[in-house]
There are 2 protein chains.
Amino acid sequence: MGATKTEHFTEQQNSIATIAKALGHPARIAILEYLLKVDSCICGDIVNELPLAQPTISQHLKELKTCGLIKGTIEGTAICYCIDEKVLDNFQKHFSAISATLTNKKCC
Amino acid sequence: MGATKTEHFTEQQNSIATIAKALGHPARIAILEYLLKVDSCICGDIVNELPLAQPTISQHLKELKTCGLIKGTIEGTAICYCIDEKVLDNFQKHFSAISATLTNKKCC
DNA sequence: TTTATATATTGCAATATTACGATAGATAAA
DNA sequence: TTTATCTATCGTAATATTGCAATATATAAA
């Protein structure tokens, strides 16, 4: 026990949950907000911006990268991290659709 | 270490992360989808619907309830669980706004 | 009151996450 | 080549999550 039973759920359910999970940490929300705020997006800036040690931030960036929310391109010594529109857009649309369905239903 | 350093982030960042975290498990996505699908929403049904034991589902329901994504009203022996529109709507709008900002920006 | 049914709680084992110091790797500048 | 800088990885401690059996609680029906 202890591990999520992903095999019992649909691919879509797992996929949405994976993105949500990646967004489920304030540091990673802060990273996304920072990437959104600045035009240039170098990791060194993020380390200065956030109250966490460099390895911790590197780890958070990796998680955002693994699930496809951001992508990084090597740019000299630094790495340019950017939000991947498609993944975030897909995620957003999923819940947008749910919200739309909700306004049409009344239960309790 | 091991605990999230919530005190270092803004209330908004923590709030969004909390909702995302609650959505970060396929069982909880499945529960929301089920609550959305059926009009009547009694927990017993969910136990039959999902491939998890009753205590596990009860636990997942509690998490969704704690962060405000669902609300439950006692209805005789059963409990009527429903999605809380406001919380999900707010969450959805947050990422909708980010998506909108993204389409106007080009970085890498 | 007894029995049945629905849900919650407790306790615990297995696993995952978070955070960071130390260190490694890779590129740029001197 | 040496040095500085940026980022990743390793190792590890602290904590959180997941899942379930056993059990408790609470209401309804008999």
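Within every chain, numbering begins at 1; the chains are lettered A, B, ... in the order of the sequence lines, protein sequences first and strands thereafter. The basis for the numbers below is simple: all heavy atoms, side chains too, and nothing from hydrogens, waters or symmetry mates.
The nearest heavy atom of DNA chain D to A:Val47 and to A:Phe9 marks one nucleotide each, and the one closer to the 5' end goes with A:Val47.
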Can you give me the N/O atom pairs linking the protein to nucleotides 23-30 of chain C at distances under 3.5 Å, or say none if there are none?
none

Got a list of protein N/O to nucleotides 15-17 of chain D N/O distances below 3.5 Å?
{"from": "D:dT15", "atom 1": "O4'", "to": "B:Met1", "atom 2": "O", "distance (Å)": "3.4"}
{"from": "D:dT17", "atom 1": "OP1", "to": "B:Lys21", "atom 2": "NZ", "distance (Å)": "3.0"}

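In this structure, A:His60 reaches the C:dA19 phosphate: one of its side-chain N or O atoms is under 4.0 Å from OP1 or OP2. Considering only side-chain N and O atoms, B:Ser58 lies nowhere under 4.0 angstrom from the phosphate OP1 or OP2 of C:dT7. For C:dA6, the OP1/OP2 oxygens have no side-chain nitrogen or oxygen of B:Tyr81 closer than 4.0 Å.
Using a cut-off of 4.0 Å between Lys/Arg side-chain N and Asp/Glu carboxylate O, B:Lys37 and B:Glu49 are scored as salt-bridged.
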(request) Under the side chain to side chain donor-acceptor pair (under 3.5 Å) rule, what do B:Ser99 and A:Asp89 come out as? Steps first, then yes or no, please. (result) CA-CA 6 Å; B:Ser99 270; A:Asp89 232 61; 2.9 Å; yes
(request) Take B:Asp45 and B:Val38 through the test side chain to side chain contact (heavy atoms under 4.5 Å, CB included) and record every step on the way to the result. (result) CA-CA 10 Å; B:Asp45 293 346; B:Val38 297; 5.8 Å; no
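Atom C1' of nucleotide C:dT18 and atom NZ of A:Lys62 are separated by 14 Å, given to the nearest angstrom. Following rounding to the nearest Å, B:Ile79 (CD1) and C:dT5 (P) show an atom-to-atom distance of 18 Å. Separating the CD1 atom of B:Ile46 from the C1' atom of C:dA8 is a distance of 14 Å, rounded to the nearest angstrom. At whole-Å resolution of the value, CD in A:Glu49 and P in D:dT7 are 14 Å apart. Counting to the nearest Å, the C1' atom of C:dT17 and the NZ atom of B:Lys5 are 15 Å from each other. Nucleotide D:dG19 holds its C1' atom 13 Å from the CD1 atom of B:Ile31, rounded to whole Å. For the pair B:Asp45 CG and C:dT7 P, the computed distance is 8 Å after rounding to whole Å. When the P atom of D:dA21 is taken as reference, atom CD1 of B:Ile57 falls 12 Å away, rounded to whole Å.
Annotation: side chain to side chain contact (heavy atoms under 4.5 Å, CB included) contacts of B:Ala3 (sequence neighbours excluded): none. Applying the side chain to side chain donor-acceptor pair (under 3.5 Å) rule to B:Thr18 yields no partners; only residues at least two apart in sequence or on another chain are considered.
The six-membered or imidazole ring of A:Phe91 lies near that of B:Phe95, with a centre-to-centre distance under 6.0 Å.
Contact annotation for A:Leu52: backbone-only contact, meaning every heavy-atom pair under 4.0 Å involves sugar-phosphate atoms and none involves a base.
Aromatic ring pairs are classed by plane angle as parallel below 30°, tilted from 30° to 60° and perpendicular above 60°; the pair B:His25 and B:His60 is tilted.
The salt bridge (Lys or Arg N to Asp or Glu O under 4.0 Å) pairs that include a residue from residues 4-23 of chain A number zero, where partners must be two or more places apart or lie in different chains. For residues 50-63 of chain B, every residue pair satisfying the salt bridge (Lys or Arg N to Asp or Glu O under 4.0 Å) rule, not counting sequence neighbours, is listed here: B:Arg28-B:Glu63.
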